[in-house]
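The shown structure was predicted, so the numbers you read here are calculated from the model rather than taken from an experiment.
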Amino acid sequence: MKNNFTQNLFLGILLASFVSFLLTRNIDFSLSFLLIFLYILIFCGFLYIDIIIHEFGHAIAGWIVKIPIKRITIGFGHNIFKYKFNETTLLINQGLQGGLTYPGIFSPNFLRLRYFFFTLGGVGLQVMAMALVIVIISAIKSIYPLAFNNASLFLTIVNIFLFSNFILIFFNLLPFKVNMMGVSIPNDGLQLLTIFFINQQKIQEILLSGKIIEGMEYLEENDFQKAELIFRECLVNNSTSLIPKINLSVALIRQQKIDEAIILLSKLITESDKNPMQLFIFNNLAWSYLIKGLNQREFLNLADNYSAQAIKISNQHIYVVGTRACVLIELGKLDEGINLLKGHISLNQAINEATNPALGFLYLAYAYYLKGNRQQSQKYWQKINNNEDLKSSEHRLVFDHILEKTNYL
């Protein structure tokens, strides 16, 4: 869902400042509201920096104990920076929701101890950063006692940095599960508490994580055949692991091997009972049946059933919302589908398959065409009429279907 929290906060404080000036005619009192906003902005900026420190702490700790780092992700949402150094890919996204550091393929020797150190590295580097700032400030004070006499704003900013780090450390060490795009995963504190007690199955999942990330990178590069081979290799090493099976279904769907994907996913329903990953099983089944239902309408009822189950588990994941909306539009429930999609994509942002997908704009153009609103239809169509991703893999089937139904819009 579109997040306008910062914008609304700014407008609220600006309005409060203006109203307070009208009521009191006291410019200092009014400026205090703006100063509060400035401090909030600084706090948010430091939180982003803290996340970077935290994730690089994991990476540095991993490198120390010979755990290769496959990917460092800062924030979630639209990607604003990507850089690859050695075998590590750094992704900087615009969101403030946190970050993730993905280990590569490593040996099982002393796994629990090494993974404990890797997990602890995040807050460890934050503590070191806080200590370094305190030492530097203390050293300057001891050498130049009057250095900060007229630097209250500077010291306030330093304290905001220390406080933002403390808050992030506290919530990282407090053991609980966090919601990442609709799926609950253990935070650092919970992993630190449980790492020495995990069973062999969990150890195998940790060892497979690097290979899974490699397969996901092939998916991102649209090399679906290599992705399929990687995920099948994962299943040779661990036939019970759920994540490579779900990702394998994605690779199959993207290659238009729809029936094979449906057979695989249908078997996973019983295997994944009460598992949060069931969200993606239902969603992938819904998308598979939607593809089949483009020419055989009886499959749309199955797509409707599975997409409803997926969105019932979580309505936060853009793919789940997108699949549900596309199914509703195919079923003729146009307003319901339009409302779902418009709450999750934006005409003002660039196309991004992770946060602002082209398929969403395609189906909005289709839905408005069916409603007879050609102006709105053209507005969304113009956003994606030259998008290459819509002309490849299984997206091509949807693209051609909509163009045929709309006489090329």
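Taken from CD1 in Ile72 to CG in Leu100, the straight-line distance is 11.5 Å, to the nearest 0.5 Å. Atom CD1 of residue Ile281 and atom CG of residue Leu285 lie 8.0 Å apart, to the nearest 0.5 angstrom. The distance from atom CD1 of Ile311 to atom NE2 of His317, rounded to the nearest 0.5 Å, is 12.0 Å. Rounded to the nearest 0.5 angstrom, Glu228 CD and Lys257 NZ are separated by 4.0 Å. Rounding to the nearest 0.5 angstrom, the gap separating the CD1 atom in Ile206 from the CD atom in Gln191 is 7.0 Å. Distance check: Ser307 OG to Asn284 CG gives 12.5 Å after rounding to the nearest 0.5 Å.
Using modelled atom types, one side-chain atom of Asn339 and one backbone atom of Asp335 make a donor-acceptor pair closer than 3.5 Å. A distance-only check finds a donor-acceptor pair linking the side chain of Ser164 to the backbone of Ile160 [under 3.5 Å]. A donor-acceptor pair is defined here as one N or O able to donate and one able to accept, closer than 3.5 Å; no such pair exists between the side chain of Thr323 and the backbone of Val320. Without hydrogens or angle criteria, Tyr369 side chain to Thr406 main chain gives a donor-acceptor distance under 3.5 Å. When atom types are taken as modelled, the side chain of Asn187 and the backbone of Leu174 share a donor-acceptor pair closer than 3.5 angstrom. Under a 3.5 Å cut-off, the side chain of Arg396 and the backbone N or O of Leu390 do not form any donor-acceptor pair. The main-chain N or O of Ile69 is found under 3.5 Å from a side-chain atom of Thr88 such that the two form a donor-acceptor pair. Of the possible polar contacts, none joining the Arg112 side chain to the Ile203 backbone as a donor-acceptor pair under 3.5 Å is found. No side-chain donor-acceptor contact under 3.5 Å links Ser266 to the backbone of Ile263.
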Could you walk me through whether Gln204 and Ser241 satisfy the side chain to side chain donor-acceptor pair (under 3.5 Å) test, starting with their C-alpha distance in whole Å, then the side-chain angles of each, then the deciding distance to 0.1 Å, before giving a yes or no?
CA-CA 8 Å; Gln204 289 301 316; Ser241 184; over 6 Å; no

Test side-chain contact (heavy atoms from CB on, under 4.5 Å) applied to Tyr115 and Phe106, step by step:
CA-CA 11 Å; Tyr115 205 78; Phe106 60 100; 4.3 Å; yes

Which is it for Val398 and Trp287 under the side-chain contact (heavy atoms from CB on, under 4.5 Å) test, yes or no, and what are the steps along the way?
CA-CA 11 Å; Val398 178; Trp287 185 248; 4.0 Å; yes

Determine, stepwise, if the pair His395 / Glu353 fulfils side chain to side chain donor-acceptor pair (under 3.5 Å).
CA-CA 12 Å; His395 292 173; Glu353 291 311 308; 5.2 Å; no

May I have the step-by-step check of side-chain contact (heavy atoms from CB on, under 4.5 Å) for Ile74 and Leu91, ending in yes or no?
CA-CA 6 Å; Ile74 310 297; Leu91 292 172; over 6 Å; no

Working note: Asn159 + Leu162, criterion side-chain contact (heavy atoms from CB on, under 4.5 Å); need CA distance, chi angles, decisive distance, verdict.
CA-CA 5 Å; Asn159 286 330; Leu162 296 174; 4.2 Å; yes

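Aromatic ring orientation, Tyr366 versus Tyr363: perpendicular (interplanar angle above 60°, classes split at 30° and 60°). Under the 30°/60° scheme for interplanar angles, the aromatic rings of Tyr306 and Phe282 are found to lie parallel.
Salt bridge Lys177/Asp188: absent, no basic N to carboxylate O contact under 4.0 Å. Salt-bridge annotation for Asp259 and Lys292: present, with a side-chain N of the basic residue lying under 4.0 Å from a carboxylate O of the acidic one. The pair Arg232-Glu260 meets the salt-bridge criterion, with a side-chain N (NZ, NE, NH1 or NH2) lying under 4.0 Å from an Asp/Glu carboxylate O. Using a 4.0 Å cut-off between charged side-chain N and carboxylate O, Lys245 and Glu271 make a salt bridge. Looking at Glu220 and Arg71, a side-chain N of the basic residue comes within less than 4.0 Å of a carboxylate O on the acidic one, giving a salt bridge.
For the residue pair Ser249 and Asn247, no side-chain donor N or O sits within less than 3.5 Å of a side-chain acceptor on the partner. Between the side chains of Gln256 and Ser393, no donor N or O sits under 3.5 Å from an acceptor N or O. A donor-acceptor contact closer than 3.5 angstrom links the side chains of Asn165 and Gln126. Side-chain atoms of Gln316 and His344 form no donor-acceptor pair, as typed in the model, at a separation below 3.5 Å. In summary, the side chains of Lys379 and Gln376 do present a donor paired with an acceptor at a separation below 3.5 Å, with no hydrogens or angles considered. Counted by atom type alone, Glu55 and Thr101 present one or more donor-acceptor pairs between their side chains at under 3.5 Å.
Minimum heavy-atom separation, Ala367 to Leu334: O-CD1, 4.0 Å. Across every non-hydrogen atom of Pro103 and Phe118, the tightest pair is CD-CZ, 4.2 Å.
More than 12 heavy atoms of other residues, nucleotides or ligands shown are found within 6.0 angstrom of CZ on Phe196. Counting heavy atoms of neighbouring residues, nucleotides and ligands inside a 6.0 Å radius, atom CZ of Phe85 exceeds 12 of them. By the 6.0 Å contact criterion, NZ on Lys391 is enclosed, its count of non-hydrogen atoms from other residues, nucleotides or ligands being greater than 12.
Side-chain contact between Leu120 and Phe117 is absent, with no heavy-atom pair separated by less than 4.5 Å. Contact check for Ile345 versus Leu364: side-chain heavy atoms found under the 4.5 Å cut-off. In this structure the side chain of Thr355 never reaches within 4.5 angstrom of the side chain of Ile318, judged on heavy atoms.
Within the structure, the ring pair (Phe, Tyr, Trp, His ring centres under 6.0 Å) test picks out no pair touching residues 204-254 (sequence neighbours left out).
Both tests do not hold together for Lys70 against Tyr102: distance to the six-membered ring centre under 6.0 Å, angle to the ring axis within 45°.
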